[in-house]
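Bear in mind that the values here come from a model prediction, so they are computed numbers and not experimental data. The chain is numbered in sequence order, starting from 1.
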Amino acid sequence: MPKSRIRKKADYTPPPAKQAQAIRLTNRAWVAPVMLAMFLIGLAWIVVFYVTDGTLPIDSLDNWNIVVGFGFIAAGFGVSTQWK
């Protein structure tokens with residue numbers, strides 16, 4: 001049986017070096033304090049509501065005060081998406 005021809009492989013050529021690109025970072029120093037403030041305001045709102053038996057922070061909202069507190073906490077999580 002005849003012997004098959006051996007294909008010659010090309011020598012290894014490394015890929016071209018990539019140019020380093022400057023990473024553009026914006027100053028987001030405001031994100032952490034705002035995020036923590038939202039978390040703490042929401043937590044304090046809910047704690048005050050429970051400690052005062054529903055008379056504070058806003059009496060007319062009744063049990064919707066819990067939703068307001070969790071709204072602040074959710075806003076804190078929304079702000080946290082801006083953190084880089």
Side-chain angles (χ1 to χ4, degrees):
M1 179 163 261
K3 203 173 188 182
S4 62
R5 288 197 278 172
I6 299 173
R7 292 183 214 154
K8 185 177 179 184
K9 292 185 179 180
D11 293 334
Y12 175 75
T13 56
K18 293 183 179 179
Q19 295 289 336
Q21 295 178 356
I23 299 173
R24 196 178 112 227
L25 295 176
T26 57
N27 187 5
R28 301 215 179 207
W30 59 272
V31 174
V34 171
M35 176 183 66
L36 291 176
M38 292 291 211
F39 288 155
L40 293 175
I41 289 170
L43 180 66
W45 194 289
I46 294 170
V47 167
V48 167
F49 174 72
Y50 277 115
V51 169
T52 61
D53 291 327
T55 58
L56 288 175
I58 300 176
D59 189 29
S60 63
L61 288 180
D62 199 32
N63 285 333
W64 284 96
N65 279 306
I66 298 169
V67 175
V68 172
F70 278 113
F72 275 111
I73 294 171
F77 279 113
V79 170
S80 71
T81 63
Q82 300 298 314
W83 197 352
K84 289 187 180 185

Would you tabulate the side-chain donor-acceptor contacts of residues 75-82 under 3.5 Å, counting partners in other chains and residues two or more places apart, or write 'none'?
residue	atom	partner	partner atom	Å
S80	OG	F77	O	2.5
T81	OG1	G78	O	2.6
Q82	OE1	R28	NH1	2.8

Value rounded to 0.5 Å, distance of CE in M35 from CG in L40:
10.0 Å
Is there a path from I41 to V34 through hydrophobic residues (I, L, V, M, F, W, Y) whose side chains come within less than 4.5 Å of each other?
yes
Hydrophobic clustering (ILVMFWY, side-chain heavy atoms < 4.5 Å, transitive) - are V31 and F39 grouped together?
yes
Output side-chain donor-acceptor pairs under 3.5 Å for residues 57-74, partner residues at least two apart or in another chain, one line each.
residue	atom	partner	partner atom	Å
N65	OD1	W45	NE1	3.2
N65	ND2	I58	O	2.8
N65	ND2	D62	O	3.0

Are there over 12 heavy-atom neighbours, none belonging to W30, within less than 6.0 Å of that residue's CH2?
yes
In the hydrophobic clustering that connects Ile, Leu, Val, Met, Phe, Trp and Tyr at side-chain heavy-atom distances below 4.5 Å, which members other than Y12 occupy its cluster, ordered by chain and number?
none
